[in-house]
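Heads up, the thing below is written out as structure tokens.
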Amino acid sequence: MALRMWASSTANALKLSSSSKTHLSPSFSLSRCFSTVLDGLKYASSHEWVKHEGSVATVGITDHAQDHLGEVVFVDLPESGSSVSQGKSFGAVESVKATSDINSPISGEIVEVNPQLKESPGLINSSPYEGGWMIKVKPSNPGELDSLLGPKEYTKFCEEEDAAH
């Protein structure tokens, strides 16, 4: 019961709701390390997520990644119209702890960049799956999504990675 109450308060604190602008699923699961992993997304082992809807895929970094980075203070993202390739860097996040590359989980053309991150990079910490999204991509090879991890596989991957450190 206490865990259910904690999960509910955590979901509220993370502002997970069905009224989000990006229409992400409000259902989620918590791994043992208590990072939020959403159902309906695909995940890269480099800790980026992708939500494919119609002809556009939204990309950002996971709750697990932002938690390990700490407070994000700067985000370097490409311009709309640029191309991204699966597994290749498309930008960087700078936190109080480190600067890390952001790799694209899919290939394609960037059709939109989150304009809010320039002024409010902390959205990546407070709302990694909603307000903290980074780019929207028109996938050139939607089949690449099949090579990504589902929520259960990503949760297990994070648990194993954390146990190894």
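All figures in this text were calculated on a predicted structure; none of them were measured in a lab.
Side-chain atoms of Asn114 come within 3.5 Å of backbone atoms of Trp133 as a donor-acceptor pair (strictly under, hydrogens ignored). Between the Ser95 side chain and the Ala98 main chain, a donor and an acceptor come within less than 3.5 Å of each other. Ser82 contributes no side-chain N or O that, together with a main-chain N or O of Pro78, makes up a donor-acceptor pair within less than 3.5 Å. A donor-acceptor pair under 3.5 Å links the side-chain atoms of Tyr129 to the main chain of Thr36, judged by distance alone. Between the side chain of Glu109 and the backbone N or O of Ser83, no donor-acceptor pair lies under 3.5 Å.
Taking Ile, Leu, Val, Met, Phe, Trp and Tyr as members and joining any whose side-chain heavy atoms lie under 4.5 Å apart, directly or through other members, the hydrophobic cluster of Leu123 also contains Val50, Val59, Ile61, Leu69, Val72, Val75, Leu77, Val84, Phe90, Val93, Ile102, Ile106, Ile110, Val113, Leu117, Ile124, Met134, Ile135, Val137, Leu145, Leu148.
Listed here is the closest heavy atom pair of Ala57 and Pro139: CB-CG, 4.1 Å. Between Asp101 and Glu48, the shortest heavy-atom distance links the atoms O-OE2, 4.5 Å. Looking at every heavy atom in both residues, Pro151 comes nearest to Gly40 through CG-N, 4.3 Å.
We find the CD-CD distance between Gln86 and Glu144 to be 4.0 Å, quoted to the nearest 0.5 Å. Distance OH/Tyr43 to NZ/Lys152: 13.0 Å, rounded to 0.5 Å. Note: Glu153 CD to Ser45 OG = 12.5 Å, rounded to the nearest 0.5 Å. Distance CD/Gln66 to OG/Ser127: 10.0 Å, rounded to 0.5 Å. For the atom pair CD of Glu130 and OG1 of Thr58, the computed distance is 11.5 Å after rounding to the nearest 0.5 Å.
By the side chain to side chain contact (heavy atoms under 4.5 Å, CB included) test, Ser55 is found to be paired with no residue, residues two or more places apart in sequence or in another chain being considered. Contacts of Tyr154 classified as side-chain hydrogen bond (donor to acceptor under 3.5 Å, both in side chains), with partners at least two apart in sequence or in another chain: His47, Thr62.
Residues Lys97 and His68 form no side-chain contact, since every pair of their non-hydrogen atoms from C-beta on lies 4.5 Å or further apart. The shortest distance between side-chain heavy atoms of Trp49 and Pro105 does not fall below 4.5 Å.
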